[in-house]
Amino acid sequence: MVRTPDLYSRQLYGHYKVQHSLPRSSVGIRYKPMDSSISYCSRFGNQNPSLKSILASGFSRNESIMDVSWSSKLIREYMDDGFFEDAVKVYLKMLEYGVPVEEFQFFPPLIKAFGELLDIGKVREIHAHLLKFRALDDIYVENSLLGVYWKCGEAEDAIQLFWKMPVKDSVSWNTMISGFYRSGDNRGSLRTFSQMIREHGVFPNRVACLSALSSCSALESLAHGKEIHAFVVKSGFDDDFLVSGLIDMYMKCGDVKNAQYVFDDEESIRMNAVIWNVMINGYVSNGNLSQAMDLFVEMLGTSIVPDSSTMVAALVLCTELLDLAVGKQIHGWAINLGLNNDVRLETALTDMYFKCGDTKTGLDIFKSSRTRNTVMWGAVISNCAQSGFPIEALDLFHNYIIEYGFADSVLILAALRACSSLTWKSKGLQIHGLLVKSGLGSDVFIGSALIDMYAKCRDIESAQKVFYRLPDRDLVSWNALISGYAQNRSPDGALKALRTMQSEQIRPNTVTSACVLSACAYLSTVNLCKEVHSYLFRQGFGSNILISNSLIATYAKCGDVKSSWTVFQNMREKNEVSWNSVLLGLGIHGHADEVFVLFEKMEGAGMKPDSATFTALLSACSHAGRVEEGFKYFTSMVEYYKIEPQLEQYTCMVDLLGRVGDLKQAYDMILAMPCVPDDRIWGSLLAACKIHGDKRLAEVVADHIMNLDPTNIGYRILLSNLYEDYGKWNEATRIRTEIKDMGLKKSPGCSWIEVNTDIHTFIASDRSHNLSVEIYDALESLTIQIREEGYIPQSPSVTLGLNEVIDVDNISFTVENCLFVSRKQ
DNA sequence: GTAGGGTTAG
């Protein structure tokens, strides 16, 4: 069991000095004469009496016989027990005594293991000792140290060491090529690969090709990848790893054809499941979904056993295809193959169920999982946040924090999205605090989500603050800010931000354009809308369906229904949103008959009407006073299309009922509907009460509104006007006094008209315009004309729940406003 | 004794 000291040891014996304790060691190591009583098979560690006894026995230094074999075993025991530091110290001691490095062939693995501790200070210390003892003359030791520096993330140290190496072999080069790749410096990796060949005349072996291929994949550098491919073929390298590496490289570079070529050319190697997996994943990530499915099915027909990665790839494919049925089958197979405890598979399953709409099963898998990790939590929390369960998302997020004490950027993003959709600012603030603590404050993705959260919570100031504190702004963060302004009724802010963004040389994309268009819609500035339109056309977004849909809506809201219609007609491809937008646009301009015809055409085109379609139809009926059709559509929506009416549709119906004076039914409908009434639907009824003079109901309705929103001044004024109409001056005064007492202030409502590029704004009794005399003359004659035609000029009061309630007083009549007239009853 | 080994989940 124990070797007698060999000749070599005997020769060296004279040089050994054992008087020093080991550097920085907690325990001194002494070399001991051979002692057969020591069991080398015992394990050191807590229950390890042998080490202690060895050390405690205090070997007599003078009698010590150095034995390489003995020391080697001691080192090995230390390594096995994870005492790398002690193992290293024994080794260093041996070097100090002059034992040649070659004697310890397991030193390189020791350095490697030591590097796993990722203590760079200790690694550098050892480096110094190795230099001192000239151990770095051994290329194995040097290469190992090189690898350790890369593993510890110390690229600079590795690079320095590498270039100082007097002799570099292919392992040294390959360590550098893969080190650069793994530290994310893919260019450095390829640069080294090329230097090796060109400047040092070292030909790459298959290891070098594999690492370099990985770098090409990461850089999506097809040209370099092809060069390596050619070299691989010329060199006759032929193995599974290179084949999958090549296929992966072609797929990542988007060259599906060449990936297929490699795959088809390697029939003999196709018995390897990984190669199929790489192909399937490649097809999925390149969007070739049907080819991915075909290949998966083909694979099932072979004798190759799909592994968990195959299942994961297939599940990702089902998620993309929203194919729940196949997803469920894969779930079944996974259980049969006993793969269901694989956390990646469980995560892919969870994601698939959520995305395919089966939230319950998704949650069940998560809850019963025994292998949950952060990614799986992320899958569930993000999906809850995105699929209408923001409260559940935040609950889960909270549980995660309790369990793990931290959150990564994916979880924080999901939590912020949940806060956005709930417009729950206090929770959003908490998460903001948490992410600052987690050091994610300067993450540009999170920054954009924060901007969006604050903007949705109507706190544009905080959104601005976050934006201006971002260390880097990209298009997404600019878009978040611009959209924030647009959502917060600050179209000017949106346009100003757009200009600043452009001055920073950041080009708007389709999302920016959609936000700017919504600002245009709010400003009703048709010229600006046209400007954006032509910009989009020049940028080649002309055929973007999202953009065209925004244009249809914006032109209509700006009053240019003709342009809205033109955009719609010119669309090569239309979706449901396009149809809904044009129906809504035509409807708000009173073109009810066109809307009805178009609705038939929409169905004829194979489009499925949804809730928004019916909002558009009912709104058209409201605007045109088409009560009968309104009821018809409402009934068919519920009975034929099986669409549950939402608040929007109820608001349209209340408006319609209000128009025909059926106030009681309108009131009953509000009380009976399953959704919570908001101020708009009550406002609509209140306006109807005013028109039809139902003072009693008006008071009841007003009560509801005041409870909903005690500080809303518009409705108070509407009610006071109503009292005035019926001569109830005391009541009217009471309300006006209430408004004063509550300190409510009203910003004057204004109207505006765009003439050429100028926008002219008017408020009530406004005489500031230089043509005000002419304007008022025109207004007066128009009013007379309207009366003569048998109409009663009516203040624009309440719209159909689609727009803001317009304050009734302080309205000046522009020509546009004259459209708001009601037919004499 | 040193380098490398492919695909895969939010």
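Letters go in sequence order (proteins before strands), and every chain restarts at 1. In this text, all values refer to a predicted model and were calculated from it rather than measured experimentally.
- You'll find that the side chain of A:L411 is closest to B:dG10, out of B:dA9, B:dT7, B:dG10.
- Here the C1' atom of nucleotide B:dG5 and the CG atom of A:D239 are 8 Å apart, to the nearest Å.
- Closest approach to the A:V207 side chain among B:dG10, B:dT7, B:dA3 is made by B:dA3 (side chain taken as heavy atoms from C-beta onward).
- Taking the centre of each ring, A:H224 and A:F193 stay at or above the 6.0 Å mark.
- Of the candidate nucleotides B:dA3, B:dG6, B:dA9, B:dA9 has the atom lying nearest to any side-chain atom of A:A348.
- For A:N205, counting side-chain heavy atoms from C-beta on, the closest listed nucleotide (B:dG1, B:dA3, B:dA9) is B:dA3.
- Here B:dG1 presents its C1' atom at 16 Å from CG of A:L146, a figure rounded to the nearest Å.
- Closest to the side chain of A:D408, from the set B:dG10, B:dT2, B:dG6, is B:dG10.
- Across B:dA3, B:dG6, B:dT8, the shortest atom-to-atom separation from the side chain of A:S309 is found for B:dT8.
- Within 4.0 Å (heavy atoms only), A:V343 reaches at least one base atom of the nucleic acid.
- Across all strands shown, A:T310 has no heavy atoms under 4.0 Å from either base or sugar-phosphate atoms.
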Less than 3.5 Å apart, which donor and acceptor atoms pair up between the side chains of residues 278-296 of chain A and the rest of the protein, not counting sequence neighbours?
residue: A:N281; atom: ND2; partner: A:N277; partner atom: O; Å: 3.1
residue: A:Y283; atom: OH; partner: A:Q260; partner atom: NE2; Å: 2.4
residue: A:S285; atom: OG; partner: A:N281; partner atom: O; Å: 3.1
residue: A:S285; atom: OG; partner: A:G282; partner atom: O; Å: 3.2
residue: A:N286; atom: ND2; partner: A:M251; partner atom: O; Å: 3.1
residue: A:N286; atom: ND2; partner: A:G282; partner atom: O; Å: 2.9
residue: A:N288; atom: ND2; partner: A:Q291; partner atom: OE1; Å: 2.9

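- You'll find the ring centres of A:F180 and A:W150 inside the 6.0 Å limit.
- Residues that satisfy the side-chain hydrogen bond (donor to acceptor under 3.5 Å, both in side chains) test with A:E142, not counting sequence neighbours, are absent from this structure.
- Of the candidates B:dG6, B:dT7, B:dT2, the closest approach to any side-chain atom of A:K112 belongs to B:dT2.
- Here B:dT2 is the nucleotide among B:dT2, B:dA9, B:dG6 with the atom lying nearest to any side-chain atom of A:P109.
- One atom, NE2 of A:H229, and another, P of B:dG6, lie 19 Å apart when rounded to the nearest Å.
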Worked check of ring pair (Phe, Tyr, Trp, His ring centres under 6.0 Å) between A:H331 and A:Y353: CA-CA 10 Å; A:H331 190 180; A:Y353 277 112; 5.6 Å; yes
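- For A:K252 and B:dT7, the NZ to P distance is 6 Å, given to the nearest whole Å.
- Put simply, the side chain of A:N373 and the base of B:dA9 share a donor and an acceptor less than 3.5 Å apart.
- At a cut-off of 3.5 angstrom, counting only N and O atoms as typed in the model, there is a donor on one side and an acceptor on the other between the side-chain of A:D138 and the base of B:dG1.
- At a cut-off of 3.5 angstrom, counting only N and O atoms as typed in the model, there is no donor on one side facing an acceptor on the other between the side-chain of A:S144 and the base of B:dT2.
- For A:V278, the listed nucleotide lying nearest its side chain is B:dT7; candidates were B:dG10, B:dT7, B:dT2.
- Across the protein-nucleic acid pair, A:H127 atom NE2 and B:dT2 atom P stand 19 Å apart, rounded to whole Å.
- A:I247 has its CD1 atom 18 Å from the P atom of B:dG5, to the nearest Å.
- Closest contact between the side chain of A:S244 and the listed nucleotides B:dT7, B:dG10, B:dG6 involves B:dG6.
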